[in-house]
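In what follows, a structure is listed as structure tokens, so that the remarks can point back to it.
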There are 2 protein chains.
Amino acid sequence: MNDLQLFKERSNEAYEIYLPHISIDCVVFGFHDTSLKVLLLKLKGLESWGLPGGYVQKNEDVDAAAHRILEARTGVSRIFLEQFKVFGTVNRSEPSLTHMPPDLWYRQRFISIGYYALVNYKDIVPQVDDISDACEWKDITGLPEMMMDHELIYKTALETLRKQLNYKPIGYNLLPEEFTMPELQKLYEIILGYTLNRGNFQRKMLAYDILIKHDKSRKGGAHRSPILYSFDTEKYNKALEGGLNTGW
Amino acid sequence: MNDLQLFKERSNEAYEIYLPHISIDCVVFGFHDTSLKVLLLKLKGLESWGLPGGYVQKNEDVDAAAHRILEARTGVSRIFLEQFKVFGTVNRSEPSLTHMPPDLWYRQRFISIGYYALVNYKDIVPQVDDISDACEWKDITGLPEMMMDHELIYKTALETLRKQLNYKPIGYNLLPEEFTMPELQKLYEIILGYTLNRGNFQRKMLAYDILIKHDKSRKGGAHRSPILYSFDTEKYNKALEGGLNTGW
DNA sequence: ACAAAAGTGTTCTTGTTACACCCATGT
DNA sequence: ACATGGGTGTAACAAGAACACTTTTGT
């Protein structure tokens, strides 16, 4: 079966199952190797990359749809997901899909609900499905060309992340259960886009009283092994309610 | 023509004109008489009140739809409008509309895009249309019972307003062209939910260098007439880019 | 005279910034 | 020895909180 036939078959199913005109796009962030990554995929027959997305079933909550879509892509359930913006201009799909037949499901006008997701990089196994060639992590410092308005969606998501750094459990969801102080600082620096003073960062972080210090340390590096921390989720969530003291 | 017939006629038109399953709800804030108001309306045949809302035309940007809907309600164009959240649970319309026939446009499942609007109270003339009995300002301290999930939408909007106080031109859009320092302070206090020290508020506000002081003052009160200010929009917008210094 | 409005001063406290110095530890 | 990690000190400065005193002005 060629690609177009496949799309047509999926199209007929889609008209049955999903609400028309409404789509979901997810910007999935992961942190690995001191840099921030985004999960992108490549649809068959298209040159450019796109954000993982999908549609809302006729009898499904929108948030539930976003979780379902991401679970299919990542193999992980209970992902931290936040809806952040609707993208609703008439021409937002141009010109990526104009080569496809106009009665195809995919060529409707879609109003897309943007979600960002924060995942623990190592938990994820990116899943390619039968209508895509690839599903991979891409470093945000060198993103490929993206279809439709997906670059705008990504940029809006990163901007939202920056603004919500003091109000959402961003560190908790992007880092593994146990992490080191330099890792946490690096994450903050990447999201904010500027460097922070080490001593002050550590002092301030510890003063929030939201971290649990572990006895063990991470062996294997070339130097002194760093201390491992975890978030004290109860204290962390309480502190986030009022926002961590403004200003990084 | 009775109410039901009217709804049915409107319903047939709606299927022609609008995208199905997608609606817009607007929380319109106005400031008057030292208190914050919300524009509510009452649909014919329903006991509870609702937010002004509408649908997206098949060839219309979502933001443009929100503006069109509000212009019809307020008589004002170029309103300050911000999309803030999508409300997309399956059962969000229950139980408000269950007495209507199931094939009616209004009884579809709607995923609603929430906008908040900030308007100059005195510019607005609330417009009743033929499917509503009333369209009125209601003080936020005594809101009536609302249909569907509109109370949740309103609360989310107010919460958003609070969070964005330092990042959006909220004072500029809620106050008339010229206003006094006590009025500005009162507005901040209502949105924040707590009182502020007068001397410090004035000093901080003036230090931002975003206000233009006028020579004239407002006559007619029982006491010393207060000085009138306007926003210096250029400086104001520049200051908002980085956020007014965090913390009120 | 009175009360709201406006302007400013002061003190106390807290937080931020930018360093610097010391120690620990794995290779 | 050396590079990284961890802990803390400190001095200069900026900002916040809480109050108080004064002046202006319309009725």
- request: Considering only NZ, NE, NH1 and NH2 on the basic side and carboxylate oxygens on the acidic side, decide whether D25(B) and R92(B) come within less than 4.0 Å.
  value: yes

task: To the nearest Å, give me how far apart CG (L196(B)) and P (dC19(D)) are.
output: 14 Å

query: Is there side-chain contact between W49(A) and E136(A), with at least one heavy-atom pair below 4.5 Å?
result: yes

- request: Using both pair distances under 3.5 Å as the test, note the stems of at least 3 consecutive Watson-Crick or G-U pairs that include DNA chain C.
  value: C:1-27 with D:1-27

- line: Which of E82(A), Q164(A), Q83(A) passes side-chain hydrogen bond (donor to acceptor under 3.5 Å, both in side chains) with Y116(A)? Answer is Q164(A)

query: Tell me: CG of L244(B) to P of dG16(D), nearest whole Å?
result: 11 Å

message: Output the rounded distance in Å from CG (N197(A)) to C1' (dC21(C)).
response: 14 Å

query: Do F179(A) and F231(A) have ring centroids that are under 6.0 Å from one another?
result: yes

message: Does atom NZ (K138(B)) have a neighbourhood of more than 12 heavy atoms from anything else shown, all under 6.0 Å?
response: yes

Presence of K204(B) side-chain N/O under 4.0 Å of dG16(D) phosphate oxygens OP1/OP2: yes

- prompt: CG of D215(B) versus C1' of dT25(D): gap in Å, rounded?
  reply: 16 Å

Rounded distance in Å - NE2 (H214(A)) to C1' (dG5(D)): 17 Å

- request: For F201(B) and dA15(D), give me the distance from atom CZ to atom C1', rounded to whole Å.
  value: 17 Å

task: Check for a donor-acceptor pair, side chain of H150(B) on one end and backbone N or O of L51(B) on the other, with a separation under 3.5 Å.
output: yes

query: Is there a salt bridge (Lys or Arg N to Asp or Glu O under 4.0 Å) between E159(B) and K155(B) once you walk through the steps?
result: CA-CA 6 Å; E159(B) 187 55 40; K155(B) 282 184 176 168; over 6 Å; no

L184(A) CG to dG5(D) C1', straight-line distance once rounded to whole Å: 14 Å

- prompt: When you check every protein heavy atom under 4.0 Å of nucleotides 3-9 of chain C, what one-letter string (B, S, -) results, 5' to 3'?
  reply: BBBBBBB

- prompt: Should E71(B) and R68(B) count as an ion pair when the cut-off is N to O under 4.0 Å?
  reply: no

message: With a 4.0 Å cut-off on N to O distance, would you call K42(A) and D133(A) a salt bridge?
response: yes

